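As the structure is a prediction and not an experimental result, all values here were calculated from the model.
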Amino acid sequence: MNSTVLRRHLAQFSAQLAGRRGFLAMPGGMGRPRIQTFRESQEFPYTRKQVFEVVADVDRYSEFVPMCTNSTVFHSSWRTENVVSREPGLPHPTTIDQRSVQAELAVGYPPFRERYMSNVVLEQPWRITATAVPGGGIFTHMCTIWEFAEVVASTTGLPANPFVQQAARTKVSFSIEYAFASPLHAQAASLVFDKMARSNMAAYLARCQQLYGTPVRQ
């Protein structure tokens with residue numbers, strides 16, 4: 001999108017942005033773009049494996065992720081490495097098969113539409129990280145992190161009965177940091193990424209419900 005079209009729409013954007021609570025902004029310093037961050041966590045009534053697979057299914061993001069108009073995984077770029085990974089809450093690191101791939105995402109919210117490349121790293125079963133490829137895109141920095149932790153809890157407040165099967169629950173934590181290369185992009189796209197991030201959890205939960213059904217309350 002050229003700068004003339006962007007400027008034409010900034011006036012109407014400013015009215016919408018003025019009444020919204022923005023992301024936490026980290027100072028960028030002299031001549032450096034400002035990094036904005038957003039974090040959220042929620043319990044999903046599904047297994048960790050199920051939620052992980054939904055978030056890892058980047059090829060289908062355009063079907064359910066807010067404002068994602070296209071998502072393409074370059075399957076020829078898949079790599080698998082044997083790495084040491086330390087999951088929070090565990091006493092010792094473990095060796096896992098870490099997979100990585102490149103993907104192109106297109107995001108849009110009229111009049112804003114852009115594409116960018118990401119490196120996606122999957123540390124099954126507990127973390128997925130996506131980092132925008134630097135150079136030539138709209139970001140100087142963009143990183144999203146999903147983390148998945150099994151929830152073991154008793155609904156009665158008493159210790160869980162080992163002879164009674166507990167409903168599966170997963171704590172899902174999502175965070176995003178980003179900075180735009182252009183101040184013009186930053187003004188025009190703030191609303192887009194604000195709306196996208198704040199509706200992310202609901203979209204992924206709805207996708208779990210679509211694929212796995214509504215969990216039975218116990």
Side-chain angles (χ1 to χ4, degrees), residues 20 23 36-75 77-78 80 85 87-88 96-110 112-132 139 142-153 165-178 189 191-218:
R20 298 180 61 88
F23 291 359
Q36 299 188 74
T37 69
F38 177 79
R39 294 180 178 86
E40 185 179 7
S41 62
Q42 183 177 329
E43 287 188 11
F44 281 27
Y46 297 93
T47 67
R48 182 161 70 162
K49 181 177 185 294
Q50 288 174 325
V51 182
F52 186 97
E53 288 178 351
V54 166
V55 179
D57 194 12
V58 180
D59 258 330
R60 295 185 176 270
Y61 274 12
S62 59
E63 297 178 13
F64 68 95
V65 174
M67 291 174 236
C68 180
T69 59
N70 189 61
S71 51
T72 303
V73 171
F74 297 98
H75 291 277
S77 67
W78 276 111
T80 301
S85 176
E87 182 179 346
I96 64 169
D97 286 335
Q98 174 183 285
R99 298 191 302 148
S100 60
V101 71
Q102 282 202 332
E104 183 184 62
L105 299 180
V107 294
Y109 182 78
F112 173 86
R113 284 185 174 84
E114 287 289 352
R115 293 177 178 268
Y116 64 94
M117 293 286 295
S118 280
N119 290 319
V120 183
V121 178
L122 296 88
E123 298 174 75
Q124 196 163 2
W126 74 278
R127 181 166 65 185
I128 297 175
T129 304
T131 307
F139 299 105
M142 197 281 288
C143 179
T144 62
I145 299 175
W146 291 88
E147 294 184 346
F148 315 94
E150 292 177 333
V151 176
V152 180
Q165 184 175 3
Q166 302 295 309
R169 297 191 71 82
T170 302
K171 181 181 179 182
V172 183
S173 300
F174 167 75
S175 66
I176 181 170
E177 292 185 353
Y178 65 90
L191 179 61
V192 177
F193 279 80
D194 183 280
K195 290 172 71 71
M196 185 187 299
R198 293 183 189 281
S199 54
N200 244 5
M201 282 291 187
Y204 284 88
L205 180 57
R207 183 66 169 184
C208 286
Q209 292 170 340
Q210 179 186 15
L211 295 178
Y212 309 125
T214 302
V216 178
R217 294 182 179 272
Q218 295 188 354

Classify the ring geometry between Tyr212 and Tyr46 as parallel (under 30°), tilted (30 to 60°) or perpendicular (over 60°).
tilted

Write down the atom of Val73, the atom of Asp59, and the distance for their closest heavy-atom approach.
N-OD1, 3.1 Å

Identify the heavy atoms of Tyr61 and Ser71 that sit nearest to each other, and give their distance.
N-OG, 3.3 Å

Between Asn200 and Glu40, is any pair of side-chain heavy atoms under 4.5 Å apart?
no

Inter-residue atom distance Leu122.CG - Ser100.OG, 0.5 Å rounding:
8.5 Å

Measure up the Trp146 and Phe174 rings against each other and bin them: parallel (under 30°), tilted (30 to 60°), perpendicular (over 60°).
tilted

Within 45° of the ring axis of Trp78 and under 6.0 Å from its six-membered ring centre, is that where the NZ or CZ of Arg99 lies?
yes

Considering all heavy atoms, the nearest Ser41-Met201 contact:
CA-CE, 3.9 Å

Asn70 side chain reached by Leu105 side chain, heavy atoms, under 4.5 Å:
no

With a 3.5 Å cut-off and no angle check, do the side chains of Glu123 and Ser85 form a donor-acceptor pair?
yes

Is there a side-chain contact between Gln42 and Val172 (heavy atoms, below 4.5 Å)?
no

Distance col, row Thr129:OG1 vs Ile145:CD1, nearest 0.5 angstrom, shows 5.0 Å

Using side-chain heavy atoms (C-beta onward) and a distance below 4.5 Å, is Ser118 in contact with Met142?
yes

Side chains of Val55 and Tyr204, heavy atoms from C-beta outward: is any pair under 4.5 Å?
yes

Any side-chain heavy atom of Glu63 sitting closer than 4.5 Å to one from Arg207?
yes

Quick one: pull up CD in Gln209 and OG1 in Thr214 and give me the separation to the nearest 0.5 Å.
5.0 Å

Closest approach of Ser175 to Arg39 (non-hydrogen atoms, all atoms of both residues):
CB-CG, 3.6 Å

Is any side-chain heavy atom of Val51 closer than 4.5 Å to a side-chain heavy atom of Glu53?
no

Run the salt bridge (charged side-chain N to carboxylate O under 4.0 Å, His left out) check on Lys171 and Glu43 step by step: do they pass?
CA-CA 4 Å; Lys171 181 181 179 182; Glu43 287 188 11; over 6 Å; no

Side-chain donor or acceptor of Thr144 paired with backbone N/O of Ile176 under 3.5 Å
no

Quick one, Gln36 with Glu177, criterion side-chain contact (heavy atoms from CB on, under 4.5 Å). Give me CA distance, side-chain angles, the key distance, then yes/no.
CA-CA 6 Å; Gln36 299 188 74; Glu177 292 185 353; over 6 Å; no

Rounded to the nearest 0.5 Å, what separates atom CD in Glu150 from atom CZ in Arg48?
4.5 Å

Could you check whether any side-chain heavy atom of Phe74 comes within less than 4.5 Å of a side-chain heavy atom of Glu104, counting everything from C-beta outward?
yes

Closest non-hydrogen atom pair, Thr170 against Val151
C-CG2, 3.9 Å

Thr80 side chain vs Asp97 backbone, donor-acceptor pair below 3.5 Å
no

Do the side chain of Thr69 and the main chain of Ala106 share a donor and acceptor less than 3.5 angstrom apart?
yes

Below 6.0 angstrom between ring centroids: does that apply to Phe148 and Phe44?
no

Between Pro215 and Pro45, what is the shortest heavy-atom contact and its length?
CG-O, 3.3 Å

